Amino acid sequence: MTADNVTTLGHAPVASYRRRHFFARGGLPLQVLGRIGSGMLVLWAAVTLSFISVQLAPGDIVSLLIGEQIRTPEVEAAIRAEWGLDQSLFEQYVAYLARLLHGDFGRSYILQTDISALVSSQMLPTLKLTVAALAVAIVYAVASAVLTAGKRIPRSIAGGLELTLISTPTFWLGILLLYVFSFTLKIFPVSGDRNLSALVLPALSLGLSLGAVLGQVLREGLERALEEPFALTVRSWGASDFVLRLRHGLRHAALPAVTLAGWLVGNLLSGAVITEAVFGRPGLGRITVDAVLSHDMPVVLAVAILSALIYVAMSTMVDILYLLLDPRLRSDAGRAKT
Amino acid sequence: MFDRRHFFLVGTTVLALSLLPAVSFAEDAKPVGGGSLSWGVETDPATLNPHLNGQDKTKLLLRNAYESLLARTADGGYVPWLATGYEISQDGKTYTFKLRNDVAFTDGQKFDAKAVVANFQQLKDPAYSTSVSAGPVSRIEELKAVDEHTISFTLKAVYAPFLDYVAGLEILSPAAFASSQIKSGGPEIAGTGPFILKRYVKGQEIQFEKNPAYAWAPSTAAHQGPAYLDQVTYRFLPESSVRTGALTSGQLDVIEGISGNDAALFKDNPDFSYQTALNTGTPYSLFLNVTWGPTQDVTVRKALIASLDIDKVLQAVYRGERTRAWGITSPIDPQFYDKSIEKSYGADAEIANGLLDEAGWKDKDAEGFRVKDGKRLTIEVVQAQATVRDQRDVLLQALQAQARQVAGIDLAINYVDAGTYTERRKTGQFGSIANSNTPTDAIDIEYHYLPIDKGGTINYSRAFAPELEQWLNEAASTLEPKKRFDIYAKLQRFAILDEAYAIPLYEPEDQVAAASHVKGISFRPFKQLPESAYDIWKSE
């Protein structure tokens, strides 16, 4: 809680505000167009980079697809023809881009299924898991911050719990939760994506460690906010401590936590891999790992593009959240007065 | 039952019935129909098309929906299934199958000679089946429907393993080949089985429903007529401790793939049944590369074999739950396993060190490894990350420690991704690869010991001695079992004792555990994989 830290934290929104201010001059439509354009550029870069890096990975695809089976010139030719590998790399790249524009991700080398269908069927379970995990994280972080900020003993208990959660591997936490709530108490089912109760344990095992990180940041922020002069003002109105924390303090404290959350949500996808495997859930995470391990290039590409899309969407959302949370930014965009 | 006029195999059938492995529930109550079963399995299939899927672990679920011409008996014989019998011509080149005339695919298509021909024609086309087209089907010269219920295959030359292949191939509905699902498999791909594939959710489960019209079970099954269960759901749970927990807490009825540590939970526990079966085919073995690195020298290969006390290592790693392997094929192979190889080599430190001194690896470096001309005696074991299972990483580490301690050999274990593995295999730059496989009828032996460019697709030792090809061709071109046995026995001694191409370690196995109310679980005779859900019923 040094003065240094406070200024650093103050910087991020200000930098963002300058950028926004620049766009704001051209009006909202231009701002939106600029966003979409830069988003497309990021996506194109992601496609191209993924395409190149997949090509750089060791092992040629025909050999990988034949694996340990019989190799004859006819077999090789059939494989090349089937996957368009008889074309030059550049032709393959252009053909791939063209198909992408039609929403066609191609077919999986290994699973042999249409990737658009595969990804869309696996997307929903992962999305459900991610949203549920995020909800767990937020509820935990807010509760822990509001209830323990500035209180010495509760604070150290919560801090210890959070440290434990952060350092517990998702895999182990998942097994532990299963052991207690599924195998022993038999409250929640072990596997699948069939109903809401099957979502509880995976969401907890994925969301708690994220919630712990957020909780620590949020508590720090809240404690800092409570020392600011406005806290005294609010108290002088006769507002209770709880109202002060929840209604006034949290808003001030939320900015760094929101920034962090936007970044961490991307990480949820990688955490989802392990959670999905432990709980036998369908989802993008497992598909991705399997695809990377077996060099299933079309699936890897599709997932890379999708992740880029999600990141672009998330960063836009975080920017919008800034506007909603901090009136100082809004005022300069001309929507509110100071 | 069967049409006796077309029945050429009465002898084997009688034998088969007497050898039925799974009649244990006969003394229990009478089987009851109905109910649904949930079964936790380890592996989510890559494709559901049984022609294109090479994963043994997924056969147990695919076999519910897809069936083949003949079934195998425990002693390796053949009994009627979709075919009522077969005949091999005098010259050994033409196989004629009589088909049942009362079978229908679950999509309503008729099962007849034309349907079977369509399957094999597709398989011969590399655009459909890629590598499969270069396998046993490539030996077919002529394929024809003699009449509506007779089909004949004429081979280019006599090839003994052909019967195993043709009898075991899953026959798909001819309508399936027009479906967009044909390569990935799915509900549109119909078979003739006792269950119908209804629903597949990747990463979660696959669901089968009873085929009420089913009436053509082979005599190796425990009953006739439709299956007992109305519905079977296989759930994909890759984590073995989760499968175990789900079974013990009553959320699943059956699981497969039980770790050595969990086995004790189910063994001798009245609430559960626990069964295991050794795999067929080549044991998990260290194959030593004869074309690269120090293992080019046969003396070094022999020294490595002599330095390892494999019994001791297996006892330490698996607590006695795994079976030692000695030869080039599974110890349970009733046809071609020559037992005389057992206990004829290994675990002799004196021999190991003597051989290495003789080969010029006399000096030792500071870490205790042998060196020659300033180079350490390092054998690099390349292990694909994807095939590490069943604590094989621990097993390899134990062998590594032993080779170092006993003979100063440096077994360097290198875990690699699929791409690197393929690359190293292609260039031949590795000291050793460890793996196992399961094909029967000596096809596994061909894959491992034919020259790489002549069908030895997994010839990891890269052995090219001319005797190997000569013997294998000789064995494949005779239909006389005794002669084939003698040749494979000779090859086994040559490959393990004389040339030390491979160090057999253990024979992998399948495990199935079930709640006590589940009856009728069995393993397939001869092929040894877990059987489909056809004979299974629930007593509650």
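Values in this document were obtained by computation on a predicted structure and should not be read as measured data. Letters A, B, ... are given to chains in the order of the sequence lines, protein chains preceding strands, and every chain is numbered from 1.
- For Leu65(A), no part lies near chain B; criterion is any non-hydrogen pair under 4.5 Å.
- Considering only heavy-atom pairs separated by less than 4.5 Å from chain A, the leading option among Gly456(B), Gly455(B), Gly245(B), Gly185(B) is Gly245(B).
- Taken to the nearest 0.5 Å, the CD atom of Glu74(A) stands 8.0 Å off from the OG atom of Ser133(B).
- Comparing Leu252(B), Asp417(B), Thr420(B), Asn435(B) by how many heavy-atom pairs each has under 4.5 Å with chain A, the most go to Thr420(B).
- Contact annotation for Tyr421(B): only side-chain heavy atoms (C-beta onward) come within less than 4.5 Å of a heavy atom of chain A.
- In the displayed structure, Phe120(B) atom CZ is contacted under 6.0 Å by more than 12 heavy atoms of other residues, nucleotides or ligands.
- Using a 4.5 Å cut-off between heavy atoms, Asn437(B) makes no contact with chain A at all.
- The structure places CD of Glu239(B) at 10.5 Å from CD1 of Ile274(A), a figure rounded to the nearest 0.5 Å.
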Given the rule in the side chain to side chain contact (heavy atoms under 4.5 Å, CB included) test, do Gln69(A) and Val132(B) qualify, once you have shown the distances and angles that lead to the verdict?
-> CA-CA 8 Å; Gln69(A) 295 172 287; Val132(B) 178; 4.3 Å; yes

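- With a threshold of 4.5 angstrom between heavy atoms, Lys426(B) approaches chain A through side-chain atoms but not through N, CA, C or O.
- Contact record, Pro126(B) with Val75(A): CB-CA, 4.5 Å, taken as the closest heavy-atom pair.
- In this structure, Ser241(B) and Ile175(A) have side chains that are in contact, with non-hydrogen atoms separated by less than 4.5 Å.
- Between Ile70(A) atom CD1 and Asp453(B) atom CG the span is 12.5 Å, to the nearest 0.5 Å.
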Show the numbers, then the answer: is there a side chain to side chain contact (heavy atoms under 4.5 Å, CB included) between Ile66(A) and Thr130(B)?
-> CA-CA 8 Å; Ile66(A) 292 177; Thr130(B) 62; over 6 Å; no

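- Residues Glu82(A) and Ala127(B) approach most closely at OE1-O, 4.2 Å, considering heavy atoms.
- Ranked by non-hydrogen atom pairs under 4.5 Å with chain A, the options Ser184(B), Ser180(B), Pro45(B), Ala134(B) are led by Ser184(B).
- Gln251(B) and Ser182(A) share a side-chain donor-acceptor pair at under 3.5 Å.
- We find the CD-OG distance between Glu423(B) and Ser63(A) to be 7.0 Å, quoted to the nearest 0.5 Å.
- Contact of Ile110(A) with chain B is made through backbone and side chain together, with heavy-atom distances under 4.5 Å.
- Side chain of Arg235(B) to backbone of Gly280(A): no donor-acceptor contact under 3.5 angstrom is found.
- Using a 4.5 Å cut-off between heavy atoms, Ile287(A) touches chain B through its side chain atoms alone.
- One finds the CZ atom of Phe236(B) at 15.5 Å from the CZ atom of Arg281(A) (value rounded to the nearest 0.5 Å).
- Asn53(B) contributes atom CG, which lies 10.5 Å from atom CD of Gln112(A) (distance to the nearest 0.5 angstrom).
- When side chains are defined from C-beta on, Val278(A) counts as touching Val242(B), because their heavy atoms get closer than 4.5 Å.
- When each of Ala78(A), Ser108(A), Gly174(A) is checked for heavy-atom pairs under 4.5 Å with chain B, Ala78(A) comes out on top.
- The neighbour count for Leu196(A) CG, taken as heavy atoms of other residues, nucleotides or ligands under 6.0 Å away, does not exceed 12.
- Neither the backbone nor the side chain of Arg424(B) comes within contact range of chain A; no heavy atom of the residue lies under 4.5 Å from a heavy atom of that chain.
- Heavy atoms of Thr422(B) lying under 4.5 Å from chain A belong exclusively to its side chain.
- Of all non-hydrogen atoms in Ser249(B) and Phe183(A), the two that sit nearest each other are CB-O, 3.4 Å.
- Proximity to chain B (any heavy atom under 4.5 Å) is restricted, for Thr72(A), to the side chain, taken from C-beta onward.
- When all heavy atoms are compared, the tightest approach of Pro282(A) to Lys202(B) is CB-O, 3.1 Å.
- Ranked by heavy-atom pairs shorter than 4.5 Å toward chain A, the options Gly186(B), Ala384(B), Gly419(B), Ser131(B) are led by Ser131(B).
- In this structure, no portion of Tyr179(A) lies under 4.5 Å from any heavy atom of chain B.
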